[in-house]
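Some notes on the structure that comes next.
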Amino acid sequence: MPEPAWSLHSRLKEDTIDIGDLPLSKVLVIKDAHYPWLLLVPRRPDTVEIIDLDEVQQAQLMTEISRVSRALKEITKCDKLNIAALGNLVPQLHVHIIARRTSDAAWPRPVWGVMPPLAHDAAEVQNFISVLRRKIWLG
């Protein structure tokens, strides 16, 4: 029996810019210029929790989180990385990787709900995506 098709949750589609696929996960940028904020979404159907992945996929997810986190930290020179898989509003498994600065609008609180999203400058976000894609081996 064929495996059900995977698709990105509509809320994630609406709130992000797709920048490419790692072996397991789709890499997305959140549409909020207040914070350098990425998502990794494992391309596996009906996956809500990390424990819904098998052990090999869990290890691959951790490898991808580490790769993307290192690149984001190097690019942004941030003070702290926030990494979380919450899924309270969007049930599809997705991992947030957010570069934080002690000077950002939400510091030291979580970023959710502190500021309305700020649209990215088109040239700046494209430059960020290009640099990030090179650093995480997407092109």
Side-chain angles (χ1 to χ4, degrees):
M1 188 161 192
E3 191 172 303
W6 179 86
S7 63
L8 186 62
H9 189 280
S10 59
R11 176 80 183 259
L12 297 181
K13 272 186 201 171
E14 182 181 315
D15 292 347
T16 63
I17 302 165
D18 184 348
I19 65 168
D21 291 337
L22 292 171
L24 176 68
S25 304
K26 180 165 284 303
V27 184
L28 306 162
V29 176
I30 292 281
K31 293 178 183 174
D32 186 351
H34 287 296
Y35 320 96
W37 185 347
L38 305 174
L39 290 182
L40 294 181
V41 185
R43 292 182 317 281
R44 296 296 180 267
D46 304 320
T47 304
V48 177
E49 308 292 350
I50 291 172
I51 59 172
D52 295 336
L53 299 170
D54 66 32
E55 290 180 359
V56 171
Q57 293 167 342
Q58 289 175 30
Q60 180 63 36
L61 179 59
M62 186 52 69
T63 297
E64 293 177 5
I65 290 168
S66 296
R67 180 187 304 174
V68 170
S69 296
R70 272 191 211 93
L72 186 60
K73 187 169 188 174
E74 186 179 324
I75 292 165
T76 65
K77 310 292 189 234
C78 62
D79 299 313
K80 179 73 176 96
L81 288 171
N82 289 173
I83 301 170
L86 301 173
N88 295 340
L89 293 177
V90 174
Q92 182 173 46
L93 176 60
H94 59 286
V95 178
H96 298 264
I97 304 172
I98 310 166
R100 301 293 307 276
R101 292 196 174 81
T102 57
S103 60
D104 74 40
W107 188 267
R109 299 173 312 277
V111 298
W112 289 274
V114 173
M115 302 286 292
L118 176 65
H120 286 283
D121 173 82
E124 282 182 24
V125 77
Q126 285 309 312
N127 182 56
F128 171 73
I129 288 169
S130 294
V131 171
L132 182 66
R133 284 178 57 84
R134 281 192 302 277
K135 293 226 179 266
I136 62 173
W137 314 326
L138 284 177

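Quick caveat, the model's predicted, so the values are computed rather than measured.
Residue Pro117 comes nearest to Lys31 through the heavy atom pair CB-O, 3.7 Å, listed as atom of the first residue, atom of the second, then distance. Nearest approach of Ala33 to Ala119, heavy atoms of both residues: CB-O, 3.7 Å. The minimum heavy-atom distance between Ala85 and Ile50, with the atom names listed, is CB-CD1, 4.3 Å. Considering every non-hydrogen atom in both His94 and Gly87, the closest pair reads CE1-CA, 3.9 Å. Among all heavy-atom pairs drawn from Ala106 and Tyr35, the shortest one is CB-OH, 3.4 Å. Minimum heavy-atom separation, Ile51 to Gln58: CA-NE2, 3.9 Å.
Within 6.0 Å of atom NZ in Lys73, 12 or fewer heavy atoms from other residues, nucleotides or ligands are found, so the atom counts as exposed in its surroundings.
Linking Ile, Leu, Val, Met, Phe, Trp and Tyr whenever their side-chain heavy atoms come within less than 4.5 Å puts Val29 and Leu81 in one cluster. Residues Leu53 and Val90 do not share a hydrophobic cluster, clusters being chains of Ile/Leu/Val/Met/Phe/Trp/Tyr side chains in contact below 4.5 Å. Both Leu86 and Leu12 are assigned to one and the same hydrophobic cluster, defined by single-linkage of ILVMFWY side chains at heavy-atom distances under 4.5 Å. Residues Ile30 and Val68 are members of separate hydrophobic clusters, defined by side-chain heavy-atom contacts under 4.5 angstrom among Ile, Leu, Val, Met, Phe, Trp and Tyr. In the hydrophobic clustering of this structure, Ile75 groups with Ile19; members are Ile, Leu, Val, Met, Phe, Trp, Tyr whose side-chain heavy atoms approach within less than 4.5 Å, directly or through other members.
Not one N or O on the side chain of Arg43 forms a donor-acceptor pair closer than 3.5 Å with the backbone of Leu8. No side-chain donor-acceptor contact under 3.5 Å links Trp137 to the backbone of Leu22. Side-chain N or O atoms of Glu64 include none that pairs as donor or acceptor with a backbone N or O of Leu40 at under 3.5 Å. One N or O on the side chain of Asp52 and one on the backbone of Glu49 form a donor-acceptor pair closer than 3.5 Å. Side-chain N or O atoms of Thr63 include none that pairs as donor or acceptor with a backbone N or O of Leu61 at under 3.5 Å. Looking at Glu74, its side chain never comes within 3.5 Å of a backbone N or O of Ala71 through a donor-acceptor pair. Side-chain atoms of Gln92 never come within 3.5 Å of backbone atoms of Ser10 as a donor-acceptor pair (strictly under, hydrogens ignored). Judged by distance alone, the side chain of Arg100 and the main-chain N or O of Pro108 form no donor-acceptor pair under 3.5 Å. Under the 3.5 Å distance criterion, the side-chain polar atoms of Arg44 are left unmatched by any main-chain donor or acceptor of Leu93.
Here the CG-CE distance, from Asp32 to Met115, works out to 8.5 Å after rounding to the nearest 0.5 Å. With values rounded to the nearest 0.5 angstrom, Ile65 atom CD1 is found 13.0 Å from Leu72 atom CG. We find the NE2-CG distance between His9 and Leu89 to be 9.5 Å, quoted to the nearest 0.5 Å. The structure places CG of Leu39 at 5.5 Å from NE2 of His96, a figure rounded to the nearest 0.5 Å. We find the CG-NE2 distance between Leu118 and His34 to be 4.5 Å, quoted to the nearest 0.5 Å.
At least one side-chain heavy atom of Gln60 sits less than 4.5 Å from a side-chain heavy atom of Pro23. A 4.5 Å side-chain heavy-atom check between Trp112 and Ile98 finds at least one atom pair inside the cut-off.
Each of Val41, Ile17, Leu38 was scored for a side-chain contact (heavy atoms from CB on, under 4.5 Å) with Leu28, with one residue passing: Val41. The side-chain contact (heavy atoms from CB on, under 4.5 Å) with Ile97 is formed by just one residue from the set Ser69, Pro36, Ser66; it is Ser69. Exactly one of Ile136, Asp18, Thr16, Ile129 qualifies for a side-chain contact (heavy atoms from CB on, under 4.5 Å) with Val27. That residue is Ile136.
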